[in-house]
Participant: 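Can you read through this structure? Questions will come right after.
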Amino acid sequence: MAAAPFELICEIEPPTTPDLEHVRHQIATLGPVASSFLIPDNHIGRATVSSVAVAHEVEVLGGRSIACLNARDRNLLGFERDLLTAAAYGVDQFLFVYGDKPASGGRTGELTVRTMIDEARAFAARPGLDQAVPFRVGVAAGLGALPAWKRQADFLFAQVSFSLEPLLRWRERVDVEVPVYAGVMTLASATMAANLAASIPDIDIPAALVRSIEQNRDAGVDAACELVLQLRDSQAFDGVHLVPVSRYRQVAARLEGSI
């Protein structure tokens with residue numbers, strides 16, 4: 001079971017241009033409630049500023065960061081480059097994912113999440129890297145059976161859910177010693193809900209929540225924040241991976257003083 005303190009890992013929207021001001025604003029706004037920040041890597045198949053570079057920016061601004069790296073967009077040499085860059089910048093936490101379907105082009109086909117974990121574990125043992133800080137590596141987990149190799153990760157990010165019960169049922173079945181973070185996402189609109197359901201077939205978005213958002217655009221913020229507090233009170237998870245999307249200002253205001 002989870003142990004205090006309860007962590008809130010806030011995902012930020014990475015920039016698609018060289019301007020980092022929007023990143024800095026998100027960090028400043030979410031800083032009072034966030035334990036750390038997750039930086040996506042070319043999420044939804046769009047090119048963004050390197051997650052390692054943005055993670056370094058978070059650290060410079062006094063925050064704690066987790067850089068997401070996907071297997072889709074890099075071969076082994078590119079992955080080794082990212083690890084070297086991270087070591088140079090002092091970025092030591094990663095979330096490894098397979099990667100969403102790209103908007104154009106295809107996958108390199110060379111890396112998997114499993115091989116990325118193996119490479120990251122072996123990284124510090126290479127000649128000249130004896131001073132490198134060992135990386136902490138996390139992986140994403142669906143709400144089904146947990147493969148044995150994923151149990152070797154340093155932390156787990158459970159799939160996004162929009163209600164408490166599925167997450168609690170999954171947590172009861174998964175016995176691991178590492179920190180586990182439940183996924184929570186703010187739905188900004190009914191259109192977003194429809195697109196999400198279409199892209200992730202096994203995700204369950206309550207119809208009542210969608211109707212509420214159609215009537216009140218802040219209903220998605222209220223529902224996400226309420227679920228965060230329910231998960232905290234359940235003591236079943238070590239924290240939450242919160243995806244506030246464009247509603248990060250409202251999320252920060254709603255949670256400040258409550259978590």
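Numbering starts at 1 and runs along the sequence shown.
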Participant: Checking T85 now: which residues fulfil side chain to side chain contact (heavy atoms under 4.5 Å, CB included) with it, not counting sequence neighbours?
Facilitator: V52, R81, Y89
Participant: Going by heavy atoms in the side chains, are L30 and L242 under 4.5 Å from each other?
Facilitator: no
Participant: Hey, are the side chains of I205 and F162 touching, using non-hydrogen atoms and a 4.5 Å cut-off?
Facilitator: yes
Participant: So which heavy atom on V178 is nearest to which on A153, and how close?
Facilitator: CG1-O, 3.3 Å
Participant: Please report the closest heavy-atom contact between F6 and R232, naming both atoms and the distance.
Facilitator: CE1-CA, 3.5 Å
Participant: Identify the two heavy atoms, one from I27 and one from F37, that lie closest to each other, and give their separation to 0.1 Å.
Facilitator: O-CZ, 3.7 Å
Participant: So for atom CG, which belongs to D175, do other residues, nucleotides or ligands contribute more than 12 heavy atoms lying within a distance under 6.0 Å?
Facilitator: no
Participant: Starting from L229, can I reach L167 by hopping between I/L/V/M/F/W/Y residues whose side chains sit under 4.5 Å apart?
Facilitator: yes
Participant: Identify whether the distance between the nearest side-chain nitrogen and carboxylate oxygen of E7 and R64 falls below 4.0 Å.
Facilitator: no
Participant: Share the residues that join V60 in a hydrophobic cluster, the rule being Ile, Leu, Val, Met, Phe, Trp or Tyr side chains under 4.5 Å apart at the heavy-atom level.
Facilitator: none
Participant: Which heavy atom of D41 sits nearest a heavy atom of T48, and at what distance?
Facilitator: C-OG1, 4.4 Å
Participant: Between E80 and R74, does at least one N-O distance fall below 4.0 Å, as a salt bridge requires?
Facilitator: no
Participant: Donor-acceptor pair, distance only, cut-off 3.5 Å: does the side chain of S199 make one with the backbone of L196?
Facilitator: yes
Participant: Flag the pair T17 / H22 as yes when at least one side-chain heavy-atom distance between them is below 4.5 Å, and no otherwise.
Facilitator: no
Participant: Does the side chain of D238 reach to within under 4.5 Å of the side chain of F155, using non-hydrogen atoms?
Facilitator: no
Participant: Taking only residues two or more places apart in sequence, or in another chain, which ones meet D218 in a side chain to side chain donor-acceptor pair (under 3.5 Å)?
Facilitator: R247
Participant: Quick one: are V23 and I12 in side-chain contact, heavy atoms under 4.5 Å?
Facilitator: yes
Participant: Are D202 and Q159 packed together at the side-chain level, in the sense that at least one heavy-atom pair is separated by less than 4.5 angstrom?
Facilitator: yes
Participant: Show every salt bridge (Lys or Arg N to Asp or Glu O under 4.0 Å) that has at least one partner inside residues 8-36, sequence neighbours left out.
Facilitator: E21-R24, R24-E57
Participant: Distance-only, no hydrogens or angles: does the S163 side chain make a donor-acceptor pair with backbone N or O of E165 under 3.5 Å?
Facilitator: no
Participant: Please check if the distance between the ring centroids of F79 and F96 is under 6.0 Å.
Facilitator: yes
Participant: When the side chains of residues 135-149 are checked against the rest of the protein, which donor-acceptor pairs come out under 3.5 Å, sequence neighbours left out?
Facilitator:
| unit_1 | atom_1 | unit_2 | atom_2 | d |
| --- | --- | --- | --- | --- |
| R136 | NH1 | Q93 | OE1 | 2.4 |

Participant: Under the side chain to side chain contact (heavy atoms under 4.5 Å, CB included) rule, collect the residues that match up with T112, sequence neighbours excluded.
Facilitator: R114, T115
Participant: Could you check whether F157 and H241 have their ring centres less than 6.0 Å apart?
Facilitator: yes
Participant: Ignoring hydrogens, what is the shortest heavy-atom contact between N70 and N42? Give both atom names and the distance.
Facilitator: ND2-CB, 4.2 Å
Participant: S51 and C68: which non-hydrogen atoms are nearest, and at how many Å?
Facilitator: OG-O, 2.7 Å
